[in-house]
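Per chain, numbering begins at 1; letters A, B, ... match sequence-line order. On a predicted model such as this, the values are computed, not experimentally measured, just so you know.
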Amino acid sequence: MVYSVDVVTSSALSAQTLSQLHERINTWFLAHARDLPWRAADRTGWQVMVSEFMLQQTPVVRVLPVFEAWMDRWPTAADLASVDSGEAVRAWGRLGYPRRALRLHAAAQAIVERHGGEVPQHYDELLALPGVGSYTAAAISVFAFGKRATVIDTNIRRVHARLISGKALPNKSLNAAETRLAEELMPADLETSVVWNAATMELGALICTAKSPKCEACPVQDMCAWVAAGKPEADYVPTGQSWYGTDRQLRGAMMAVLRAAVAPIPYQILKQAGRVDIAIPEELVPAVKKLAALNPEPEQIERCYTGLLKDGLAHEADGFVTL
DNA sequence: AATACGTGGGG
DNA sequence: TCCCCAAGTAT
């Protein structure tokens, strides 16, 4: 642990304003927080970890059912670690970004090997796990174990951008200034800081949303720099995620075929993007039709197919492919 | 720093 | 209907 000799440097906010922010947002959270399974009083580190992986870029409502099924099947890290990664990818279903399932599986194995099967509590240990970045490491240590860490996700960044910086949106990427601001806003008191992390994130998710924020319901509207400035537009236009015709779309269609399969399938089905003369197993027909409809170029098919193998999302043996 | 990486619900 | 994007990570 490195102890900085820096004293908390001059902030644009007075100590009084800061504590008022903490008080208002934390109080709002206690009254309005969603009742989510990974927030239950008896939650485990593993539950929090699984939820954080699933919530990376995926909305809560879609995570809920998959999370419940996942925990029923693999209530501990050791349970997941004991099965093949393909089982994890299949159970991941349509949450998207299936490599997260692979990384969660690898993280579970690392937890068994390095931490005796118990999800580690400290930021650095968590950060060393596959699929765990700065956000997830902080989130698990705070939400599961009540540690003091600065959680910075897209919701929190947006709340800070508006409330403190008076901007509609945070920077395109997390920078030193944003990180520094987030740390300055952190309550010194441990208990308060734990709630603050969750509360600020929840405020961003429910009230201070990206589009159509519900300012009339915001507990700190009268303290918001963005509101005070007349809610100016963002100084940049977020670049949309292209989709049609991309490798991601094709990979997704290939993965859908593999998930639908109940047994290894002839690799031609994927390598010819569904345009095959051989018989297609009944359960694969809908997914194969969607794949064929993309009508991809041979070069793209090859790139995506080998990419899935390379990523470990698909496995080929004796002319057959499986998860 | 910019880009790749899935998916489906809501406006 | 079509576009946007939701608790990020790895390279």
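- A:Trp92 comes within 4.0 angstrom of nothing in the nucleic acid, heavy atoms only.
- Residue A:Thr154 is in sugar-phosphate contact alone, with no base atom involved, counting any heavy-atom pair closer than 4.0 Å across all strands shown.
- Backbone-only engagement by A:Val132 is indicated by non-hydrogen atom pairs under 4.0 Å involving sugar-phosphate atoms exclusively.
- A:Leu127 comes within 4.0 angstrom of nothing in the nucleic acid, heavy atoms only.
- Counting non-hydrogen atoms under 4.0 angstrom, A:Gln241 reaches a base of the nucleic acid.
- Across all strands, A:Ser173 comes closer than 4.0 Å only to sugar-phosphate atoms, never to a base (heavy-atom distances).
- Among the protein residues, A:Ile156 comes within range of no part of the nucleic acid, since none of its heavy atoms lies under 4.0 Å from any strand.
- Using a cut-off of 4.0 Å between Lys/Arg side-chain N and Asp/Glu carboxylate O, A:Glu87 and A:Arg73 are scored as salt-bridged.
- A:Arg62 comes within 4.0 angstrom of a nucleotide base, judged by non-hydrogen atoms across all strands.
- Annotation: A:Arg94, atom CZ; neighbour count of heavy atoms from other residues, nucleotides and ligands within 6.0 Å does not exceed 12.
- Heavy atoms of A:Asp247 sit under 4.0 angstrom from primed sugar atoms or phosphate atoms, though from no base atom.
- Residue A:Arg34 is in base contact, counting any heavy-atom pair closer than 4.0 Å across all strands shown.
- If you check every strand for non-hydrogen atoms under 4.0 Å, A:Arg99 touches sugar and phosphate atoms only.
- Side-chain contact check for A:Phe67 versus A:Trp38: some heavy-atom pair is nearer than 4.5 Å.
- Within the nucleic acid shown, A:Ser134 comes within 4.0 Å of sugar-phosphate atoms alone, with no base atom in reach, counting heavy atoms only.
- The A:Thr136 side chain lies nearest to C:dT9 when the options are C:dT9, B:dG6, C:dA7.
- The shortest distance between side-chain heavy atoms of A:Val321 and A:Leu308 does not fall below 4.5 Å.
- Among the heavy atoms of the strands lying under 4.0 Å from A:Gly96 is at least one base atom, whether or not backbone atoms are also near.
- Straight-line distance between the P atoms of C:dA7 and B:dT3: roughly 23 Å, to the nearest whole Å.
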